Amino acid sequence: MFQLLNTVLIGITAGSIYSLMAIAMVLVWRSTRVVNFAQAGMALLSTYFGYEIIHMSGSYWLALPIAMLAGAAVAAAIELIFMRLLLKHSSQGAIASIAPIIATLGLLGLIKSIIGYFWGNQDVTIDSPFSNVGFTLGSHTLALSPMKLFILLAVVFLTLVLSLIFQKTNLGLALRASAYSPEISRLAGIKVDLVRTFGWSLAGAAGGAAGMLQTANGNGTLSPDSLEFSLLLAFGFIAAVIGGLDSLIGAVLGALLLGLVLAFVLTYVGGSLVFITAFVLLLVVLLIRPGGIISQKAGRRA
Amino acid sequence: MHKVKASNLTRLIGFVLLGLVLFFVSNRVDELRVYQGASVAMYVVAISSIILLTGYSGQVSLGHGALLAVGGYGAALVRNEFNAPVWLCFAAAVLLAALWGALLGATAARLSGPYLAGTTLALAVGLPSIANQFKFLGGEQGLIFDIGLPPASLGEFFSQYKWFFWIAALTALIAMWWLQNLLRSRYGRTWRAVRSQSVAAELAGINLARSKILAFTVSAGLAGLAGALLSMSISTVSPGAFPLSLSFALATGAVLSGVTTLGGVIIGAVTLVAIPEVADTLTQSIGASENVIANLPGLMVSGLLIVAVLFVPNGPVEQLKHRQKR
């Protein structure tokens with residue numbers, strides 16, 4: 001019984017962090033129609049900025065917002081420098097459909113090398129602001145620690161803020177309009193390029209938060225080649241696709257579903273099958289509901 | 001009809017001449033260059049498998065490193081279990097990888113663009129960890145893949161590396177000759193038709209799904225062959241030999257070569273082999289720090305990839321042709 005409860009708790013915590021990554025993917029997809037494979041690299045870079053702040057000031061609370069701001073700035077810079085050039089140069093020929101994918105992969109490699117240059121390839125550590133020891137209930141230890149509780153609250157808060165911006169403000173409306181039809185949006189007076197940059201920076205901030213929370217949730221180590229970030233990259237993408245790349249709510253649901261399924265496999269089957277499970281889940285969703293679990297239209301692919 | 005046959009013959013003669021040139025060159029240069037030559041041959045096969053998939057059939061795979069791993073493990077298993085001759089190991093690698101490719105292709109045919117890219121990427125992230133779990137695959141250490149010493153008839157001064165190079169170069173030449181014939185055949189034309197105008201191709205009676213699955217299968221087979229060549233030259237096959245960065249390097253090579261021109265494949269292959277050495281020379285000449293030494297090759301690969309995608313998106317060869325036309 002307690003094992004079941006703990007499995008659910010672990011799944012929800014992991015899923016909530018994936019959901020931030022998935023939301024970041026959805027925001028970029030909805031503003032530029034690019035699946036950003038550099039997302040995990042950007043998250044990693046922002047987390048390193050956070051690490052620097054912690055190193056200087058000793059405060060996680062200062063580091064978290066600064067990491068998010070750094071993430072937003074990095075993302076905006078990438079959109080301004082690379083993505084605009086890319087859309088101008090590589091919009092025809094056989095490469096057109098894959099150019100954004102290849103370019104974001106190149107960015108991922110570039111960011112990793114830059115991190116390796118400045119911070120080295122060894123692990124650095126971030127101390128969690130809260131205890132990672134679980135609450136006790138009677139004689140049992142729950143898989144819910146003060147840190148995990150904070151992660152859950154932080155993710156819920158950020159998701160709410162991002163959805164409000166996206167659904168209820170003029171800026172969000174402009175974002176959705178520019179993705180739907182850039183030409184018509186321009187005619188309606190929306191500065192499409194600027195709006196896209198904004199969408200990217202929102203995604204960058206969400207990625208930065210995901211990186212800071214993920215590192216504090218794990219063993220606190222951070223390195224350019226850390227497996228945690230390869231997983232954030234793969235699972236963030238899988239979660240976004242399960243939810244349908246077009247929907248924020250879908251991204252959150254997809255991430256929670258993924259987190260729960262993986263937690264159950266981890267507890268009851270074994271760690272070796274976690275990755276293959278995620279992969280199979282992705283394939284099943286793609287084959288049965290290509291538009292994601294909450295989409296209405298069937299068969300939408302790109 | 002007659003003309004086609006003649007040009008086919010010319011190309012065959014061209015390949016044979018190229019083989020002879022490589023043969024004489026391999027006798028003149030030192031060990032390191034010979035070994036690098038074997039790597040170039042491996043990359044030629046690997047990159048051409050991506051060019052076939054992306055440039056000709058319009059699909060994208062970021063997980064070809066995983067298919068290389070399948071080929072490498074297949075070859076090593078056949079060698080270790082049955083003590084099979086080398087060519088049979090390579091054939092097994094091709095068949096096994098092609099089988100996986102067919103399975104993947106059946107899924108891939110229903111996906112497009114970023115969805116396919118992400119799915120194959122997930123495969124490349126996950127497959128090495130799966131190889132770790134099974135005992136008969138040797139876990140973290142992997143398996144030994146020893147093709148044996150070169151035959152005694154080649155003389156006692158004939159080095160192991162030169163033997164690797166001969167095998168790799170011959171394999172690559174045969175594979176390339178076969179592939180360029182395939183791309184000129186009905187299948188090649190079908191793939192290009194599907195890539196550039198899928199609706200029109202379907203109206204002309206082409207079965208889209210079958211054509212895409214076939215392309216994925218052939219591409220996977222080539223990737224498996226490259227994996228066997230890679231494992232041969234390092235004598236082992238282990239999860240660590242097929243990292244995510246290998247998949248990315250192959251994608252870089254394909255973009256540098258130009259995804260629509262098979263002939264450009266040598267550009268990408270030579271670049272990928274040259275990058276570590278260029279980086280090494282650079283760091284030594286300026287006496288760089290440890291961080292620079294560890295990260296310069298990666299930086300150069302990603303930097304080249306971004307520059308290529310931004311400025312010569314369809315490859316240098318295509319770019320030149322385009323300029324001449326204007």
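Remember, it's a predicted structure, so these values are computed and weren't measured experimentally. Every chain is numbered from 1, with letters handed out A, B, ... down the list of sequences.
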- Leading residue by heavy atom contact count with chain A [cutoff under 4.5 Å; candidates B/G258, B/A117, B/G58, B/G118]: B/G118
- Message: Taking side chain as everything from C-beta outward and backbone as N, CA, C, O, which of these in B/L123 sits under 4.5 Å from a heavy atom of chain A? Side chain, backbone, both or neither.
- Response: both
- What orientation do A/W119 and A/F49 show, parallel under 30°, tilted 30 to 60°, or perpendicular over 60°? perpendicular
- Where does B/L299 contact chain A at under 4.5 Å (heavy atoms): side chain, backbone, both or neither? both
- Task: Measure A/F82 against the heavy atoms of chain B and call it side chain, backbone, both or neither at under 4.5 Å.
- Result: both
- Message: A quick test of your reading: do over 12 heavy atoms of other residues, nucleotides or ligands sit less than 6.0 Å from CZ of A/R84?
- Response: yes
- Task: Over 60° means perpendicular and under 30° means parallel, so classify the ring planes of B/Y187 and B/W191, tilted if in between.
- Result: tilted
- Message: Which one wins on heavy-atom pair count under 4.5 Å against chain B: A/A240, A/G116, A/G109, A/A234?
- Response: A/G116
- Task: Fit a plane to each ring of A/F235 and A/Y18, take the angle between them on a 0 to 90° scale, and name the class: parallel (under 30°), tilted (30 to 60°) or perpendicular (over 60°).
- Result: perpendicular
- B/F248: what forms a ring pair (Phe, Tyr, Trp, His ring centres under 6.0 Å) with it, not counting sequence neighbours? none
- Query: Which bit of A/I115 is near chain B, if near means a heavy-atom gap under 4.5 Å: side chain, backbone, both or neither?
  - Reply: neither
- Message: If we ignore hydrogens and angles and just use 3.5 Å, is the side chain of B/T54 paired with the main-chain N or O of B/V60 as donor and acceptor?
- Response: no
- Taking only residues two or more places apart in sequence, or in another chain, which ones meet B/F216 in a ring pair (Phe, Tyr, Trp, His ring centres under 6.0 Å)? none
- Query: chain B heavy atoms under 4.5 Å from A/Y117: which part of the residue, side chain, backbone, both or neither?
  - Reply: both
- Query: chain B heavy atoms under 4.5 Å from A/I101: which part of the residue, side chain, backbone, both or neither?
  - Reply: side chain
- Note on the structure: Applying a strict 4.5 Å limit to non-hydrogen atoms, the region of A/L108 in contact with chain B is side chain
